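All chains are named by letter (A, B, ...) in the order of the sequence lines, taking the proteins before the strands, and each is independently numbered beginning at 1. Since the structure is predicted, the reported quantities are computational estimates derived from the model, not experimental observations.
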Amino acid sequence: MENSKTKIVLGVIGADCHAVGNKILNYAFTAAGCEVINLGVLVSQEEFVNAAIETNAKAILVASLYGHGEIDCRGLRDRCQEAGLGDILLYLGGNLVVGKADFTLVKKKFMDMGYDKVYAPGTLPDEVIDDLKNDLSKRGILM
Amino acid sequence: MENSKTKIVLGVIGADCHAVGNKILNYAFTAAGCEVINLGVLVSQEEFVNAAIETNAKAILVASLYGHGEIDCRGLRDRCQEAGLGDILLYLGGNLVVGKADFTLVKKKFMDMGYDKVYAPGTLPDEVIDDLKNDLSKRGILM
Amino acid sequence: MDLKNKKWTTDAFNTTQKEVLNQWPTGAEVDFEEAVKYHKQIPASKQFAKKMVQAKKDGVTLAQPRAGVALIHEHIELLNFLVKEGGADLLPTTIDSYTRQNRYKECQVGIDESLAAGRSLLNGFPAVNHGVKGVRQVVEQVNGPVQARHGTPDARLLAEIMLAGGFTSYEGGGISYNIPYAKDVSLERSIYDWQYVDRLVGIYAEHGVEINREPFGPLTGTLVPPSVSHAVGIIEGILAAEQGVKNITLGYGQCGNLVQDIAAIKSLEVLAEEYLEKCGYKDCVLTTVFHQWMGGFPQDEAQAFGVISWGAAAAALSGATKVIVKTPHEALGIPTKEANAAGIRATKQVLNMLCDQKYAMNKELEDEIAIIKAETRCILDKVFELGHGDYAVGAVRAFEAGVIDVPFAPSKYALNKMLPARDNNGAVRLFAIGNLPFSQDIIDFHKDKIEERARVEGRQASFQMVIDDIYAISKGRMVGRPK
Amino acid sequence: MDLKNKKWTTDAFNTTQKEVLNQWPTGAEVDFEEAVKYHKQIPASKQFAKKMVQAKKDGVTLAQPRAGVALIHEHIELLNFLVKEGGADLLPTTIDSYTRQNRYKECQVGIDESLAAGRSLLNGFPAVNHGVKGVRQVVEQVNGPVQARHGTPDARLLAEIMLAGGFTSYEGGGISYNIPYAKDVSLERSIYDWQYVDRLVGIYAEHGVEINREPFGPLTGTLVPPSVSHAVGIIEGILAAEQGVKNITLGYGQCGNLVQDIAAIKSLEVLAEEYLEKCGYKDCVLTTVFHQWMGGFPQDEAQAFGVISWGAAAAALSGATKVIVKTPHEALGIPTKEANAAGIRATKQVLNMLCDQKYAMNKELEDEIAIIKAETRCILDKVFELGHGDYAVGAVRAFEAGVIDVPFAPSKYALNKMLPARDNNGAVRLFAIGNLPFSQDIIDFHKDKIEERARVEGRQASFQMVIDDIYAISKGRMVGRPK
Ligand code: B12
Ligand code: B12
């Protein structure tokens with residue numbers, strides 16, 4: 001039987017180096033009982049997928065802060081499908097587009113790309129932890 | 001022959017006590033060569049009209065800063081007509097209505113009340129002095 | 001009318017009260033005994049005096065906006081919005097200008113037209129016209145302690161109605177609500193009428209109802225030197241204390257130079273305590289209020305935020321008990337509730353970021369405190385002398401003589417011979433001393449300071465310099481330098 | 001690659017240059033001799049170094065925004081807007097993040113999509129892709145001195161193109177543009193590559209073209225203690241000077257406590273002069289830059305204006321030569337040009353109101369200056385020791401050993417054992433010293449400060465306290481107190 005803790009992959013996508021939120025999310029999810037595979041910043045889609053496969057993670061948490069989210073994030077769901085990760089939970093958060101924008105539209109854009117949850121700038125970890133617990137329990141997994 | 005200086009009546013209308021701009025306008029018009037009959041603050045329409053009659057003034061400069069301009073300023077043109085001052089120049093300036101407002105609309109409202117010139121908040125004296133020189137010279141008066 | 005700084009007799013008060021309550025029909029709604037009961041059920045969280053004392057104890061600076069509109073429900077909505085969206089700690093009810101001049105008929109026109117137009121055509125809340133019942137709706141439906149803020153030379157009926165209505169704080173004073181707000185109301189008259197207000201507050205106090213009183217510190221808001229507003233504030237404090245007022249907030253309008261602003265707040269409380277003590281009023285609680293820049297504002301909202309935030313910073317560093325907040329609409333018109341809340345939010349961000357910081361004492365600040373104290377003492381001691389020991393009488397004579405002089409005041413009871421200008425560091429000094437009773441070394445100090453600036457600017461000090469200073473902040477600077 | 005703090009030989013430089021210019025087709029546009037001629041016709045009013053030196057002489061603080069968009073004409077329009085509507089004194093050209101990672105192909109995608117979408121999909125100006133000709137359009141059509149601002153570990157090609165393009169100032173450094181911006185670029189590599197950039201600037205200088213260089217002071221922008229950023233800045237200054245750079249601006253990111261912020265700027269210049277002098281670089285001109293709060297901002301624009309204005313005030317009172325300006329959109333996204341201009345206007349209002357005021361020296365400030373100096377000396381002297389007298393080698397070893405440690409840095413070349421937290425007055429102190437080579441009294445000082453706060457808050461100091469501090473300003477406070 002594998003390690004009892006739920007594994008999640010965490011990282012900041014693309015050419016993005018914003019590390020502070022990443023470190024806090026790492027800390028918060030670890031404290032909440034997850035095993036966090038934290039890839040840090042400057043993570044490619046490939047690295048996300050590989051890490052999830054290797055560790056049998058239940059969710060990938062992608063952050064994009066620096067504005068290039070639109071270019072960096074599309075296609076990740078397809079890659080997951082191709083890699084056999086199927087409907088693995090994909091969460092996305094940060095400052096996803098260039099500029100101050102209406103979040104409803106931003107959210108729709110990224111949901112359409114296949115992300116399960118899309119979070120507004122400045123979201124606090126507690127909200128995400130609750131959501132993850134919920135989504136996992138729907139899939140019969142206890143966090 | 002009367003005093004060679006052009007006479008103008010200056011005052012702040014209604015229940016308005018804003019005195020700083022009034023003192024500066026007084027100083028500036030005096031320096032520009034006018035004889036200023038300065039009624040100060042808290043001036044009623046009647047006082048404006050009486051002062052203009054008594055001194056044979058060529059213009060009345062009405063200030064309203066505190067927001068009650070709409071209530072205080074209407075009817076002054078009629079009073080002037082009734083008092084035989086006919087088309088004496090009526091200038092109006094200050095913060096004429098309650099609240100931050102589109103000045104084009106404000107201007108129209110007060111021009112319709114019969115004022116010859118209506119000035120935006122924060123207008124500097126030089127602009128007004130130039131206008132007055134102009135308007136007076138059109139009427140054959142040198143300031 | 002025989003003006004003396006002496007507690008009014010019960011007879012004198014009662015006789016006057018009858019007249020006052022007859023000035024407008026709503027006066028009949030006032031029932032003192034019932035009002036005392038009403039006050040006693042007001043929760044501590046809505047009591048102004050308590051909140052101020054607590055803030056002083058905690059060493060924090062509270063934020064209070066200005067706000068008032070013509071109609072009751074709109075006014076309630078406005079105040080609650082300022083708490084919810086602005087985070088206001090203390091609430092105002094700014095009274096309209098007709099009420100301030102006791103022109104209640106014109107108020108009625110304003111109320112009717114506001115109803116018709118669906119927007120406020122009055123620049124404040126006409127509390128007398130709304131009466132005790134109307135005022136109580138505000139007190140009851142608003143979430144915080146409320147204060148009446150106005151500018152009324154004869155504010156007796158307004159006080160009767162607002163206090164009976166449950167207001168727990170009342171701004172103003174016989175000098176500070178006359179000289180900047182009126183043209184030909186004699187000081188004797190307004191001081192006398194304000195003794196009535198203070199006595200009313202004193203009677204409430206004697207019945208166990210603590211009402212906060214606040215002389216209006218900034219006066220004309222335009223380059224008023226600290227010692228002048230301090231002298232006025234302290235005199236009004238003394239007059240209030242004599243009538244039995246126990247909870248007093250003294251005010252100061254930001255001049256803009258940080259050292260002078262901090263020195264002003266620091267000296268204000270010390271001086272006031274000293275003079276009240278000397279006069280034998282030993283059980284007054286004093287707090288302070290710092291007004292963000294009260295003169296002409298820049299029209300641009302971003303620049304206005306700069307002025308507002310700098311005011312918040314100076315307030316916090318000075319240690320004032322509360323700060324009165326300006327809005328990004330200041331230069332243009334009465335703010336929308338959104339603009340008003342934005343001003344509070346910018347202010348509170350700065351207050352909160354600075355709440356744990358102190359401005360350490362240094363030589364410059366010490367000197368500035370010393371000069372403000374010395375100047376204020378010159379004035380107050382001369383007032384005492386002119387009044388033969390009576391500050392009420394002395395104040396009237398002092399204004400006559402120009403011993404107290406308020407720059408740019410509209411009142412003919414101000415001599416208007418003194419003229420302020422900024423020195424080379426932006427502190428407000430005197431360009432023309434007028435008849436202020438300053439000692440020679442103080443006079444020389446001001447002269448040197450103004451000359452220093454004139455030298456740097458390569459021009460003579462003149463009225464033009466004063467004008468340049470009046471416009472400066474609205475044009476994005478503080479010292480009005482020549483181009 | 002044999003890293004040493006030694007001026008590169010002409011041979012070494014030339015060999016590398018060939019490679020560098022081959023990294024992307026636009027490299028071929030660079031013609032050094034022609035570029036020197038081009039620079040010589042740039043008017044003084046557009047020369048960054050001259051403007052900085054003049055400001056230092058005049059004792060004023062200049063305002064500089066950040067700004068960059070994908071397309072040339074939009075970028076020009078943006079910069080001119082910031083001068084006209086914001087009053088910017090100095091201009092930036094912020095480079096996009098793909099360029100920073102030398103991913104010029106992705107830049108091209110961004111440019112193409114931006115053209116298609118009619119809005120910038122890049123978070124900055126992709127100068128390498130636009131080439132020398134594109135860059136010159138900016139220099140020529142923009143009304144002010146322009147500086148490249150980026151975050152590029154290997155910024156050699158970018159430097160070649162932007163300097164040949166007529167830019168007169170270039171931000172960055174081998175440490176400050178690696179540790180906060182990269183994950184696995186070795187320090188040895190980035191310092192080496194930045195020696196190339198510095199040498200290029202040195203060669204321009206030898207040809208009579210003065211280029212301003214600015215190490216990136218704020219590092220991760222998040223609770224970085226002054227001594228850490230000072231140590232990095234001074235090392236980068238020394239490395240630059242060795243390669244022949246003559247005009248250096250050292251930076252510091254606002255921590256928020258006024259005394260600490262002023263002490264930081266005051267100590268930075270003195271320390272840098274001392275160390276440069278000691279190393280034998282005697283003809284460098286030093287200026288300073290103060291960055292308005294670089295960590296997480298409040299989302300609300302009014303609150304953001306409060307943070308911006310307080311940053312402007314601290315910059316002015318510290319006497320920094322320039323201030324880098326944030327915008328009311330900071331927390332949410334790259335600002336519109338209007339929001340950017342608004343940030344500058346708020347900033348300039350405060351700068352102008354404070355330009356004639358000084359913060360007088362006092363005991364607290366003296367102590368704070370002394371502690372920053374002592375800490376910085378501990379670090380720098382240990383770096384010198386580790387490098388056996390060579391600051392380049394020493395810097396690499398110092399990061400390995402955690403002798404220099406940058407909190408929250410993404411780079412694996414930072415040890416990440418040190419943790420900062422605010423003390424009870426909001427100054428940034430160390431909660432975990434990590435391996436910083438501080439003397440025992442300094443270690444005790446930090447311990448006491450953090451314990452004092454913990455006591456006040458009735459909790460143990462812990463990582464939770466650090467997290468609370470990270471969020472604090474964005475939530476409207478400075479010290480992250482428990483609820
Ligand atoms: C200082 C000030 C005060 C001082 C006045 C002291 C005194 N006695 O003079 C005090 C604190 C007492 C005060 C009181 C009040 N004020 Co006041 N005050 C100001 C303030 C900050 C500056 C005014 C000033 O002196 N400016 C400097 C001078 C040089 O400029 P100026 O007055 O604009 O005048 C120039 C031009 O406008 C022009 N001009 C003016 N009149 C005329 C006339 C003509 C014919 C021409 C051609 C040009 C012209 O030329 C002048 C010289 O350049 C303004 C806001 C601002 N502008 O920043 C608010 C402001 C005018 N006040 C306002 C209000 C509402 C009040 C109060 C009702 C209190 C309140 N609700 O807050 C009371 C009014 C009491 C009363 N009965 O009038 C509002 C008016 C709102 C509106 N119109 O929607 C303003 C705009 C503030 C605001 N945004 O709420 N105020
Ligand atoms: C600090 C900072 C920096 C530091 C970063 C240091 C470091 N290595 O970490 C420095 C100075 C180096 C920097 C650089 C740059 N930055 Co920056 N930076 C910031 C700033 C001020 C704070 C970020 C931060 O640390 N916040 C604190 C942490 C705790 O919050 P957070 O990052 O938002 O993360 C939280 C939530 O968002 C959420 N969350 C985040 N990710 C995810 C993911 C998931 C799945 C979930 C559920 C939740 C979640 O949870 C986190 C914890 O609560 C922000 C603006 C702001 N927020 O105020 C700009 C900001 C993010 N930066 C920005 C930009 C553009 C840049 C630069 C390109 C430079 C530039 N043009 O100015 C470079 C980028 C270089 C690169 N290659 O990435 C922009 C992005 C713009 C946009 N999206 O439109 C911002 C928004 C500023 C702005 N308005 O222009 N930056």
Under 4.5 Å, counting heavy-atom pairs only, tell me which of [options] racks up the most with chain B.
options	value
C:Thr336, C:Asn123, C:Val109	C:Asn123
C:Arg100, C:Glu113, C:Arg103, C:Gln299	C:Arg103
C:Thr222, C:Leu122, C:Ile470	C:Leu122
C:Gln101, C:Lys183, C:Lys412	C:Lys183

*Hey, could you give me the SG/CD1 distance between B:Cys17 and C:Ile179, rounded to the nearest 0.5 Å?*
11.5 Å
*Measuring heavy-atom distances to chain C, does B:Ile24 have an atom under 4.5 Å in its side chain, in its backbone, in both, or in neither?*
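For B:Ile24, the side chain is the part near chain C, not the backbone.
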*Between B:Tyr27 and chain C, which part of the residue has a heavy atom less than 4.5 Å away: side chain, backbone, both or neither?*
side chain
Need one label for [X]: side chain, backbone, both or neither, based on atoms under 4.5 Å from any heavy atom in chain B.
X	answer
C:Pro180	backbone
C:Asn416	side chain
C:Ala409	backbone

Do the non-hydrogen side-chain atoms of [X] and [Y] ever get within less than 4.5 Å of each other?
X	Y	value
C:Leu121	B:Val98	no
B:Leu42	C:Tyr181	no
B:Leu124	C:Lys475	yes

*Decide, yes or no, whether a salt bridge links C:Glu330 with B:Lys100 under the criterion of side-chain N to carboxylate O below 4.0 Å.*
no
*With a cut-off of 6.0 Å (strictly less than), are more than 12 heavy atoms of other residues, nucleotides or ligands near CD of B:Glu46?*
no
*Please report the C-alpha distance between B:Ile71 and C:Tyr98 in whole Å, then the side-chain angles of each, then the deciding distance to 0.1 Å, and finally whether the side-chain contact (heavy atoms from CB on, under 4.5 Å) criterion is met.*
CA-CA 11 Å; B:Ile71 301 178; C:Tyr98 294 135; 3.5 Å; yes
*Nearest heavy-atom pair of B:Ala15 and C:Ser97: which atoms, and what distance?*
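Smallest interatomic distance, heavy atoms only, reads CB-O, 3.7 Å.
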_Residue, of B:Gly67, B:Pro121, B:Gly122, that accumulates the most heavy atom pairs under 4.5 Å with chain C_ = B:Pro121
_Using a 4.5 angstrom heavy-atom cutoff, name the option from B:Asp72, B:Leu65, B:Val12 with the most pairs to chain C._
B:Asp72
*asked:* Do C:Asp96 and B:Tyr66 pair up side chain to side chain, a donor and an acceptor below 3.5 Å, judged on atom types alone?
replied: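 The answer is no; no qualifying pair exists.
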*Using modelled atom types only, decide if a donor and an acceptor are shared between the side chain of B:Asn95 and the backbone of C:Ala331 within a distance under 3.5 Å.*
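Answer holds: yes.
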